[in-house]
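Keep in mind that the numbers below use all heavy atoms, side chains included, and drop hydrogens, waters and symmetry copies.
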Amino acid sequence: MEVLGISLALLLLFVGFGLLIGILFGFFGMGGSFLVTPALLVMGYPSRVAVGSGLAFVFGTSVIATLKHRDLGQVDYKLGVLMIAGTTAGIEVGKEIVLHLEELGLAGSIISVTYVFLLGGIGVFVTYEALKGGDGGGVDHDAADADVDDADIPDIAKKIQSYRVPPMMNLRGGISVSLWMILGVAFATGLLSGFLGVGGGFIRMPALFYLIGVPVPIAVGTDLFEIVFSGGIGSFLYAMDGGVDLSIVLPLLAGSALGARVGSAATSIVDEGEIKVYFGLMLLGGSIAVAVREIGNVYGIPVLDTVSLVLILGSALMVSGAVVYSSVTALREEPTPGSAAGD
């Protein structure tokens with residue numbers, strides 16, 4: 001039996017995978033392209049279709065998740081527009097670097113190695129910072145509606161905020177940062193995005209928190225807002241060249257529609273430190289999966305493609321499951337009005 005031109009089993013796989021990615025997407029503010037695209041490549045889809053369909057899925061999911069974060073007051077539109085401007089310029093420079101490396105015949109190997117080390121490096125750093133804990137371990141979720149405590153701002157962000165180069169921009173949470181610092185961070189993350197050929201959510205979200213000092217829930221919501229534009233433009237360009245397969249995108253979106261709203265809602269329930277632990281583990285899992293796939297390509301070991309796919313699906317299932325479990329646990333621990341009155 002076929003639906004949308006694909007088998008029922010494959011359809012259910014895409015819906016289930018979309019649900020998992022949607023939860024992660026709404027929770028972390030990542031585009032999910034580093035999970036969806038490699039999975040499609042391992043399944044045998046052409047590169048153009050894998051990338052284009054991944055971007056189209058990311059665009060659709062980002063719209064759903066951004067609306068939820070907007071309802072929670074976790075989107076800083078001013079910061080989002082500034083980040084879009086800076087990252088756009090950075091992406092163009094990154095593409096030029098890639099074109100130059102292609103002329104030298106070095107693009108593939110350099111990008112793959114950079115991707116694995118960057119993904120893994122950020123994952124290790126975020127996980128270490130979250131497990132270390134302490135006074136600077138995280139920002140309270142209520143920071144969307146109140147000023148951020150100075151102790152909650154990472155040291156690197158404090159240093160960047162100390163450069164009072166006008167014009168100064170007032171951001172959500174009572175944060176004041178130089179426009180040039182914001183554009184500089186945006187350009188740097190855009191440069192990496194253009195160089196690696198990914199949406200860059202796994203770069204921007206920690207950059208917004210660790211470099212600018214934006215509370216994590218707002219960093220997630222603002223990053224999603226930016227992905228609406230970058231993912232929309234990218235998927236449109238690929239669709240013009242026939243690179244978007246709706247038989248892939250629609251089932252993924254059907255599953256992620258629920259998952260994205262669950263993940264977005266979880267950011268206001270789950271403890272801040274847990275968000276960063278899950279984010280770090282997610283990046284580490286993705287880094288290992290990409291590394292395994294690249295090793296298989298270099299040495300001609302097809303079985304490693306399957307191992308990579310299992311790692312991708314497994315890490316998505318493990319982390320999304322942990323998000324849901326933590327959310328349910330947190331809700332159960334909240335005192336009911338009756339119990340509160342009886343105390």
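Both Val177 and Ile218 belong to a common hydrophobic cluster when Ile, Leu, Val, Met, Phe, Trp and Tyr are linked at side-chain heavy-atom distances under 4.5 angstrom. Ile182 and Tyr163 fall within the same hydrophobic cluster, where Ile, Leu, Val, Met, Phe, Trp and Tyr residues are linked whenever their side-chain heavy atoms come under 4.5 Å apart, directly or through other members. Placement of Ile288 and Val116 in two distinct hydrophobic clusters is found when ILVMFWY residues are connected by side-chain heavy-atom separations under 4.5 Å, directly or transitively. Taken together through direct or relayed side-chain contacts under 4.5 Å among Ile, Leu, Val, Met, Phe, Trp and Tyr, Val307 and Phe17 form parts of separate hydrophobic clusters. If you chain together hydrophobic residues whose side chains sit under 4.5 Å apart, Ile295 and Val303 fall into the same group.
Considering only residues two or more places apart in sequence or on other chains, Ser320 meets the side-chain hydrogen bond (donor to acceptor under 3.5 Å, both in side chains) condition with none of them. Annotation: side chain to side chain contact (heavy atoms under 4.5 Å, CB included) contacts of Val298 (sequence neighbours excluded): none. With sequence neighbours left out, Val15 forms a side chain to side chain contact (heavy atoms under 4.5 Å, CB included) with Pro251. With sequence neighbours left out, the ring-ring contact (aromatic ring centres under 6.0 Å, His included) criterion links Phe225 to Tyr77, Phe229. Judged as a side chain to side chain contact (heavy atoms under 4.5 Å, CB included), and not counting sequence neighbours, the contacts of Thr88 are Ile84. Every residue meeting the side-chain hydrogen bond (donor to acceptor under 3.5 Å, both in side chains) condition with Ser256, not counting sequence neighbours, appears here in chain and number order: Thr61. Phe187 is linked by a ring-ring contact (aromatic ring centres under 6.0 Å, His included) to nothing, counting only residues two or more places apart in sequence or in another chain. With sequence neighbours excluded, the residues satisfying side chain to side chain contact (heavy atoms under 4.5 Å, CB included) with Leu258 are Leu19, Val262. Under the rule for a side-chain hydrogen bond (donor to acceptor under 3.5 Å, both in side chains), the partners of Ser326 that lie at least two apart in sequence or sit in another chain are Glu274, Tyr278.
The closest side-chain heavy-atom distance from Ile269 to Leu331 is below 4.5 Å. Counting only heavy atoms from C-beta outward, the side chains of Pro167 and Trp180 approach each other to under 4.5 Å.
In this structure, CD1 on Ile227 lies 11.0 Å from OG1 on Thr222, to the nearest 0.5 angstrom. From Leu101, atom CG reaches atom CG of Leu104 across 6.0 Å, with rounding to the nearest 0.5 Å. Atom CG in Leu191 sits 5.0 Å away from atom CD1 in Ile97 (nearest 0.5 Å). Summarising the geometry, atom CG belonging to Leu311 is positioned 10.0 Å from atom CE belonging to Met318; distances are rounded to the nearest 0.5 Å. The CE atom of Met169 lies 6.0 Å from the CG atom of Leu179; values are rounded to the nearest 0.5 Å. Here Ile21 contributes atom CD1 and Leu313 contributes atom CG; the two are 8.0 Å apart, rounded to the nearest 0.5 Å.
Annotation for Phe14 and Leu252: closest pair O-CD2, 3.2 Å, computed over non-hydrogen atoms. Pairing each heavy atom of Ala207 with each of Val185, the nearest pair is CB-CG1, 4.1 Å. Of all the heavy atoms in Leu82 and Leu183, the pair that sits closest is O-CD2, 3.6 Å. In this structure, Pro217 and His69 approach most closely via the heavy-atom pair O-ND1, 4.2 Å. In terms of heavy-atom proximity, Ser178 sits nearest to Met168 at N-CE, 3.5 Å. In terms of heavy-atom proximity, Val249 sits nearest to Ala56 at CG2-CB, 3.9 Å.
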Under the side-chain contact (heavy atoms from CB on, under 4.5 Å) criterion, do Met83 and Leu208 qualify, and how do the steps go?
CA-CA 10 Å; Met83 291 295 292; Leu208 288 173; 3.9 Å; yes
If you apply the rule side-chain contact (heavy atoms from CB on, under 4.5 Å), what do you find for Val63 with Thr66, and how did you get there?
CA-CA 5 Å; Val63 172; Thr66 300; 6.0 Å; no
Given the rule in the side-chain contact (heavy atoms from CB on, under 4.5 Å) test, do Arg261 and Asp71 qualify, once you have shown the distances and angles that lead to the verdict?
CA-CA 11 Å; Arg261 298 193 70 82; Asp71 295 340; 4.0 Å; yes
Apply the test side-chain contact (heavy atoms from CB on, under 4.5 Å) to residues Arg164 and Ser176: give CA-CA distance (whole Å), side-chain angles for both, the deciding distance (0.1 Å), then the verdict.
CA-CA 9 Å; Arg164 314 294 291 181; Ser176 181; 3.4 Å; yes
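Cluster partners of Val310: none. The rule joins Ile, Leu, Val, Met, Phe, Trp and Tyr whenever side-chain heavy atoms lie under 4.5 Å apart, and it links nothing here. By the 4.5 Å side-chain criterion applied to Ile, Leu, Val, Met, Phe, Trp and Tyr, Leu317 is assigned to a cluster that also includes Leu20.
Between the side chain of Thr87 and the backbone N or O of Gly190, no donor-acceptor pair lies under 3.5 Å. Remark: the backbone N or O of Gly213 is not paired with any side-chain donor or acceptor of Lys158 at under 3.5 angstrom. Looking only at distances, no side-chain donor or acceptor of Ser53 sits under 3.5 Å from a matching main-chain atom of Val244.
Residue pairs meeting the ring pair (Phe, Tyr, Trp, His ring centres under 6.0 Å) criterion with at least one member in residues 233-269: none, sequence neighbours excluded.
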